[in-house]
J.: 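Provided herewith is a single structure, encoded as structure tokens, for subsequent inquiry.
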There are 4 protein chains.
Amino acid sequence: MSDKSAMIHFRLNPRSGVPPYRQLVDQVRQMVSLGLLRAGDQLPSVREVMRQITINPNTVHRAYRDLEAEGLVEGRQGRGTFVVEVRTPPTTPKRQAELHKDLGAWIEKARLAGMNDEAIMALVTLAVQEITVAKEKVTP
Amino acid sequence: MSDKSAMIHFRLNPRSGVPPYRQLVDQVRQMVSLGLLRAGDQLPSVREVMRQITINPNTVHRAYRDLEAEGLVEGRQGRGTFVVEVRTPPTTPKRQAELHKDLGAWIEKARLAGMNDEAIMALVTLAVQEITVAKEKVTP
Amino acid sequence: MSDKSAMIHFRLNPRSGVPPYRQLVDQVRQMVSLGLLRAGDQLPSVREVMRQITINPNTVHRAYRDLEAEGLVEGRQGRGTFVVEVRTPPTTPKRQAELHKDLGAWIEKARLAGMNDEAIMALVTLAVQEITVAKEKVTP
Amino acid sequence: MSDKSAMIHFRLNPRSGVPPYRQLVDQVRQMVSLGLLRAGDQLPSVREVMRQITINPNTVHRAYRDLEAEGLVEGRQGRGTFVVEVRTPPTTPKRQAELHKDLGAWIEKARLAGMNDEAIMALVTLAVQEITVAKEKVTP
DNA sequence: GTGGTCTAGACCACC
DNA sequence: GTGGTCTAGACCACG
């Protein structure tokens with residue numbers, strides 16, 4: 001494993017309707033949330049992201065600035081952008097890996113049942129919304 | 001159960017970064033995809049949507065126009081907007097309900113493992129991305 | 001008094017070394033801090049600021065976005081940018097006016113003593129730094 | 001009192017938005033303007049500044065270079081950087097000390113009136129701006 | 001009309 | 001090399 005292998009690699013979905021800068025922000029938040037990015041880890045430089053995906057440097061910068069305002073990362077002049085915050089890991093890596101595997105199995109089952117990706121996404125979204133709504137009722 | 005009970009109820013998430021008109025479009029697409037909206041079903045009128053959520057009528061119109069251009073719904077002058085297309089149902093309602101239930105159980109398990117909603121969403125997104133990426137490799 | 005008379009008018013000092021977007025942010029913060037801008041008050045539109053001072057719309061927008069991230073203002077699509085937060089007024093307007101007047105008198109005295117504006121600013125900065133430093137010792 | 005006691009001690013405010021090199025320049029200018037640095041006085045060496053604050057030597061060099069270009073200081077090879085110019089002292093040290101004291105009293109009064117540091121700074125900035133604006137009208 | 005996003009490209013500050 | 005700021009101008013979303 002080289003250093004590079006641990007570095008986040010961004011993906012853009014141009015048809016999602018989500019603005020690119022927001023997709024970058026969301027991806028970093030998710031990685032941190034899952035413990036895949038930890039305090040001290042470096043984000044790829046703006047220029048590196050430009051090489052990975054076709055995107056304007058300002059857009060990347062905008063995303064990094066938003067993350068900084070949020071307190072999740074810190075830009076260090078001339079050195080790079082680094083993860084700052086370490087939220088309490090939501091669960092152990094092992095437990096999380098199991099859950100990940102279980103979810104993969106569920107998805108596989110859904111596909112065998114004839115659901116296409118769009119429908120799977122819709123069902124997932126529905127189920128997740130239900131937990132969000134339930135939560136809103138508890139913590140309005 | 002009256003007809004109204006089946007009528008789609010829109011929700012807007014102002015913090016998602018997704019433009020409101022797009023959120024409406026996505027929600028209709030998901031409902032159709034899951035068979036929760038079927039050919040002939042009526043979408044709520046613009047005024048009804050305005051009662052449900054704080055939104056400008058033009059924005060609702062825009063969403064319905066996009067759905068019509070997509071061929072998913074059809075505006076009938078003076079009567080309303082109706083679902084046209086019924087894409088092949090991805091699976092039987094019964095099978096789908098089982099999958100829905102299984103997914104709910106998985107989410108419950110994740111929460112018991114100490115994952116918060118944000119982390120659950122991240123894990124789900126990760127898993128779904130994996131199937132999408134896998135699909136891209138098969139059907140480039 | 002017309003509506004316009006109450007609207008904030010920005011000034012840029014190109015020789016201060018402070019980036020323009022930051023000068024705008026600071027000016028809004030000061031106005032709010034002094035109670036000259038209150039909850040619900042509207043900031044001039046980006047295009048209006050462009051007319052007031054020679055500045056790029058993106059720069060103004062950047063300033064407004066920063067203020068929004070800070071929770072001080074709120075941008076409402078298609079309507080404008082409005083002050084949100086009402087911090088507890090630091091003192092009564094009357095008391096504040098007196099203090100303002102006293103400070104004006106002090107400045108006048110300093111000028112009569114032969115101090116130029118640069119030196120006055122330096123002395124003020126020194127005195128203010130002293131309170132800031134004192135505060136840091138109390139709340140490190 | 002040794003020579004060292006009079007030596008300028010730099011401070012950096014990373015949240016001011018002013019670039020570090022500019023903060024150093026401004027601080028030297030202020031000290032000279034107030035007569036706290038006089039012709040022949042030595043500025044701290046680059047290494048000394050690095051001990052005082054976390055800063056890159058290039059940044060200190062840059063600041064000293066700017067001050068030299070301005071004619072305010074002079075770099076003497078192998079010996080250090082020294083203040084050159086003595087602008088006409090704006091007032092007598094005694095008078096200045098009185099004004100400093102008066103200003104300190106004013107600040108104390110403002111704090112007792114319930115103004116926090118932010119609001120005090122805002123009021124000071126406002127008052128100083130007023131004299132600057134007035135001056136511009138006189139000397140355009 | 002309003003705010004919001006993106007691209008393109010220049011220039012600066014810092015390490 | 002890094003991040004940070006600014007200008008210029010297009011285009012979108014919303015009211």
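The sequence lines fix the lettering, A, B, ..., with proteins before strands; numbering per chain opens at 1. What's counted below: heavy atoms across the whole structure, side chains too, no hydrogens, waters or symmetry copies. Just so we're clear, the structure is a prediction, and the values are computed from it rather than from any experiment.
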J.: Apply the test side-chain contact (heavy atoms from CB on, under 4.5 Å) to residues B:Ile8 and B:Val28: give CA-CA distance (whole Å), side-chain angles for both, the deciding distance (0.1 Å), then the verdict.
T.: CA-CA 8 Å; B:Ile8 190 170; B:Val28 171; 4.1 Å; yes
J.: Could you run through nucleotides 3-10 of chain F and give me one letter per nucleotide, 5' to 3': B if any protein heavy atom sits under 4.0 Å from the base, S if only the sugar-phosphate is that close, - if neither?
T.: BSBBBBB-
J.: Can a donor-acceptor pair be found between the side chains of B:Thr81 and B:Gln42 at a distance below 3.5 Å?
T.: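 Looking only at side-chain atoms, B:Gln42 and B:Thr81 do not form any donor-acceptor pair under 3.5 Å.
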J.: Would you sort out whether C:Leu43 and C:Val73 count as a side-chain contact (heavy atoms from CB on, under 4.5 Å), showing the intermediate values?
T.: CA-CA 9 Å; C:Leu43 296 187; C:Val73 307; 4.0 Å; yes
J.: Please report the C-alpha distance between A:Val49 and A:Phe10 in whole Å, then the side-chain angles of each, then the deciding distance to 0.1 Å, and finally whether the side-chain contact (heavy atoms from CB on, under 4.5 Å) criterion is met.
T.: CA-CA 7 Å; A:Val49 175; A:Phe10 293 109; 3.8 Å; yes
J.: Quick one: do A:Arg29 and A:Glu70 make a salt bridge, cutoff under 4.0 Å?
T.: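 The answer is yes: the pair qualifies as a salt bridge.
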J.: Decide, yes or no, whether a salt bridge links B:Glu68 with B:Arg65 under the criterion of side-chain N to carboxylate O below 4.0 Å.
T.: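 Judged by the 4.0 Å cut-off on N to carboxylate O distance, B:Glu68 and B:Arg65 do not form a salt bridge.
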J.: Given B:Leu24 and B:Leu67, is the side-chain contact (heavy atoms from CB on, under 4.5 Å) satisfied, shown in steps?
T.: CA-CA 9 Å; B:Leu24 299 189; B:Leu67 286 165; over 6 Å; no
J.: Under 3.5 Å for both distances, Watson-Crick or G-U wobble, that's the pair rule; now give the dot-bracket for DNA chain E, with | marking pairs to another strand and [ ] for crossing ones.
T.: ||||||||||||||.
